[in-house]
A.B. asks: 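What follows is a structure written as structure tokens; I'll ask about it next.
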Amino acid sequence: MDPDSMLTCRLCGKQHRAVSLQPGERALCLRCGAVVARLSLLGPRATLVFAVTGLVLAPPAALLTFVTAGKVGAVRLSLLFTGPAGLWDGGMRSLAILVVLCGGLFPLALLATLAAAPAPRRPGLTVAGFEPLVRIAGFLEHWAIPEVQVLAVLVAYMKLGSVVNVSFGPGFWCYGAMALSLLAAQHSLVLEPNGPSAAP
Ligand SMILES: [Zn+2]
């Protein structure tokens with residue numbers, strides 16, 4: 001039998017003939033009962049849809065007003081990377097680079113990787129380039145943390161809200177939606193080289 005159409009249990013190593021799954025179904029190992037394949041309730045295209053949505057939201061998130069802060073007539077507009085620029089100017093360059101990477105470049109790279117690596121239509125089938133892309137995504141997911149930046153802005157809003165007038169701009173909402181799209185894309189794909197099917 002074509003080894004590309006076999007499913008191997010990650011726990012006990014038993015090989016199984018690949019089967020077709022319906023959305024929401026799981027395939028269990030005959031020997032140990034471990035899950036060897038799952039298919040997302042939303043279907044194999046869910047990862048691609050969420051990832052492309054995140055990529056579409058990224059440019060407005062970076063270019064539109066992120067936060068507006070002002071008091072007594074003086075208003076200051078901030079963009080997504082205004083904060084890291086301030087850190088850079090203040091001498092905290094390592095932190096500025098880390099914020100740009102973890103809040104901007106790595107999330108973008110992860111979205112692009114997930115968009116390029118949609119799950120195979122059937123567990124056990126291999127798609128050219130799928131596993132290397134999943135390995136790259138597995139690395140990037142540890143560093144792409146836009147949700148942390150969203151939480152940091154919300155905490156700052158609660159701290160400063162009583163001192164100055166703070167309001168969120170369209171860039172913030174686009175960034176928040178991009179972060180949610182990234183989380184949805186990640187959770188609709190199992191980032192394991194030996195588990196090529198999508199997870200619910
Ligand atoms: Zn097993």
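Worth saying up front: this structure is predicted, and the values here are computed from it rather than measured. We count ligands from 1, going down the list as the structure has it; atoms in each ligand are counted the same way.
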A.B. asks: Any sub-3.5 Å donor-acceptor pair from His16's side-chain atoms to Cys29's backbone N or O?
C.D. replies: no
A.B. asks: Using the test ring pair (Phe, Tyr, Trp, His ring centres under 6.0 Å), find all partners of Tyr175 that sit at least two apart in sequence or belong to another chain.
C.D. replies: Phe66
A.B. asks: Can you count the protein N, O or S atoms that lie less than 2.8 Å from the Zn ion (ligand 1)?
C.D. replies: 4
A.B. asks: Would you please name every residue forming a side chain to side chain contact (heavy atoms under 4.5 Å, CB included) with Ala58, sequence neighbours left out?
C.D. replies: Leu108, Met178
A.B. asks: In residues 80-104, what donor-acceptor pairs under 3.5 Å come from side-chain atoms, sequence neighbours left out?
C.D. replies:
| from | atom 1 | to | atom 2 | distance (Å) |
| --- | --- | --- | --- | --- |
| Thr82 | OG1 | Leu79 | N | 2.7 |
| Thr82 | OG1 | Leu79 | O | 3.3 |

A.B. asks: Per the side chain to side chain contact (heavy atoms under 4.5 Å, CB included) rule, which among Leu57, Leu114, Val56 passes with Ser181?
C.D. replies: Leu57
A.B. asks: Looking at every heavy atom in both Ala115 and Leu48, which two are closest together, and how far apart are they?
C.D. replies: O-CD1, 3.1 Å
